[in-house]
Protein chains: 2
Amino acid sequence: MNPTLRSARRVVIALGGNAMTGPDGSATPHAQRDALREAAGHIAEVVARGVQVVLTHGNGPQVGNLLVKNELAAHVVPPVPLDWCVAQTQATIAFTLTDELDAALEARGLPQRTAGLVTRTLVDVDDPHFREPSKPVGRFLPKEEAERFVSLGQVWEDRGEKGWRRVVASPEPRSVVDAPAIHALAAAGFVVVCAGGGGIPVTDDGRDGAALRGVEAVIDKDLTAAILASDLDADTLVIATDVANVMVDFGTPTARPLGRVTAAELREHAAAGQFARGSMGPKVDAVLRFLDRNDSAHPPRRAVITSLEHIADAVAGDDAGTVLTA
Amino acid sequence: MNPTLRSARRVVIALGGNAMTGPDGSATPHAQRDALREAAGHIAEVVARGVQVVLTHGNGPQVGNLLVKNELAAHVVPPVPLDWCVAQTQATIAFTLTDELDAALEARGLPQRTAGLVTRTLVDVDDPHFREPSKPVGRFLPKEEAERFVSLGQVWEDRGEKGWRRVVASPEPRSVVDAPAIHALAAAGFVVVCAGGGGIPVTDDGRDGAALRGVEAVIDKDLTAAILASDLDADTLVIATDVANVMVDFGTPTARPLGRVTAAELREHAAAGQFARGSMGPKVDAVLRFLDRNDSAHPPRRAVITSLEHIADAVAGDDAGTVLTA
């Protein structure tokens, strides 16, 4: 049987920002609820196909809001570190998604229910990204206001007309600390919402008996999804985004969508600079890593990049989205 | 065998504010981490006795901080409802506690690890407490500032010299929506941190296929702990607080600690007004409810109110704390 036509057994789905923000990108409670209600319908269709589903998701605008609150209330309430903000977004997004997905599952007569797990992701203390923070977070501020935070040890960059913006490290995810708990929940029949925002970044200083420690960083959620899918022995990784297919020659007369593609072909496109850094680039990187971690002891893996409305077909092995096989 | 001397099999421990705030009641990240590190040591000692442990916890000062942030950033970032704030505190406390408890377990050579679950608690839409909000939350404000929030639909009370303070409903917890996921994690060997702050309050409007909805309320964490312990078929409920024993005739020359006590005796003390509302009262109420929900199909239950340093002895059945039996 063609492995690209095989039905999935366990799938990790990474939801992009469009699944949890309004059309204008706003992350108000109402906008988040409306977007997640729509996403829940598509996810329930995947569950209906008899597949174990583990969900992870982004959190950019949500973290941005929390950083602004930190800043504006700092004279009354001590600000909390970025890792706390990531944790906070995990809970509010999981809360909304479990409500909406439980309803969508119930409406389809499906017995599964949803569980939201607070999830830590291990990063290396000496990850080189800590020396060169590059991921912008929070809002733009005038130079004079930004300087106050620089004096507190934060890194801010001059972004021209819009003003200054904080940048933080985006270290490589090494492992999902709570993967065994995610596995236990999935094995017990739950749809698991976990590792939101790439997971709460923690480091291990290696001392015996020392606790893990949160660090001020954000982790690329698609890279964490690739590790999670691998650790959970999922056969399929789906990166749900706002386009149906990965495009090559984007914005030119020869622009075309990628359908089925091999790792070698996709790597070639990536090497030719086809995919934008900070946009399609990390998604392509993530699906390639997921396939690379495959070994002969496991059935062949498949990874899909597509939009929410196509995820059920893509997981079932039907012709939908950009489908990557070894 | 005397049931009060029986070792516990599965225990629900409700941690009070002193387990996660500084000696001055502050809920800064450092104060929270230091307090939870100490609590983790005592909890690990309970796990070391071979007992399945499910942890729940309060969140008063933490929610208060988030409400202040909501308020001070409202002109830039849309405030989030109280149920979102409860969710946020579940994640930050679970995150800190899983880090510290995992380290404490590892240091003792114990194989168990910790998992933090985002947890919803169902309350009735028509709970009478919604008509008479009485639970103070957040900070005191001068009348003029409070009036702005009253005009937005909130209820604030004049608290005299300190100023005005918001009051919200504290409805009865009916069931812990995520109890099946908690059970699955506990059965798989995890110490589960869940139902923080009494759980995120949600209501079910009864319409087919409609999602649960968060409501602006706070639930008494000890009452939720009693329901959780019952739903999980725990044999022991421990309310960990800052005193070793429940006192009667508190503040008088005949003051004395309660050791072993029957439900009938404790109920008599409660009826005589021995326990302060909003302090020991709800804890006594919670342990009595837990025993009341016992039925003949289950082994006899035991409930303990004591301080963190005595919880391991109390769970093992040794003579510690105020121990309630049927």
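Below, read A as the first sequence line, B as the second, and so on, with proteins coming before strands; counting in each chain starts at 1.
- Every residue was checked against the side chain to side chain donor-acceptor pair (under 3.5 Å) condition with B/T224, not counting sequence neighbours, and none meets it.
- At a threshold of 4.0 Å, the pair B/R10-B/D233 does not count as salt-bridged, since none of the basic side-chain nitrogens sits closer than that to a carboxylate oxygen.
- Across A/T92, A/V193, A/T28, A/L66, the residue that shares the most heavy-atom pairs under 4.5 angstrom with chain B is A/T92.
- Heavy atoms of B/L212 lying under 4.5 Å from chain A belong to its backbone as well as its side chain.
- Between B/D124 and B/R174 there is a salt bridge, since at least one side-chain N of the basic residue sits less than 4.0 Å from a carboxylate O of the acidic one.
- Taking chain A as the reference chain and counting heavy-atom pairs below 4.5 Å, the highest number among B/E100, B/Q90, B/R120 is found for B/R120.
- In summary, the aromatic rings of A/W156 and A/F149 are positioned with their centroids under 6.0 Å apart.
- Interface residue B/R139: only side-chain heavy atoms are found under 4.5 Å from chain A.
- Side-chain atoms of B/T114 and B/D102 include a donor-acceptor pair closer than 3.5 Å.
- Looking at B/A73, the atoms closer than 4.5 Å to chain A (heavy atoms on both sides) sit in the backbone and in the side chain alike.
- The most heavy-atom pairs under 4.5 Å with chain B, out of A/L72, A/L105, A/L101, A/D99, come from A/D99.
- For chain A, the nearby parts of B/N65 are the backbone and the side chain; heavy atoms of each come within less than 4.5 Å.
- Neither the backbone nor the side chain of A/V192 has a heavy atom closer than 4.5 Å to any heavy atom of chain B.
- In this structure, A/E71 does not pair ionically with A/R148, as no charged nitrogen and carboxylate oxygen lie closer than 4.0 Å.
- Contacts between B/V76 and chain A at a heavy-atom distance below 4.5 Å involve the side chain alone, from C-beta outward.
- Residues A/K221 and A/N59 have side chains that never bring a donor and an acceptor to within less than 3.5 angstrom of each other.
- Atom CD of B/E38 sits in a sparse spot, with 12 or fewer heavy atoms from other residues, nucleotides or ligands closer than 6.0 Å.
- Ranked by non-hydrogen atom pairs under 4.5 Å with chain B, the options A/A87, A/P78, A/G116, A/A40 are led by A/G116.
- Chain B forms the most heavy-atom pairs under 4.5 Å with one residue out of A/A184, A/A210, A/A115, A/P180, and that residue is A/P180.
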Yes or no on side chain to side chain contact (heavy atoms under 4.5 Å, CB included) for A/T119 and A/V177, after CA distance, side-chain angles and deciding distance? CA-CA 7 Å; A/T119 313; A/V177 178; over 6 Å; no
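- Of the listed residues (A/A181, A/A107, A/A104), the one with the most heavy-atom contacts under 4.5 Å to chain B is A/A181.
- Among A/A103, A/G214, A/P29, A/A188, the residue with the largest count of heavy-atom pairs under 4.5 Å with chain B is A/P29.
- With a 4.5 Å cut-off on non-hydrogen atoms, B/R37 touches chain A through its side chain but not through its backbone.
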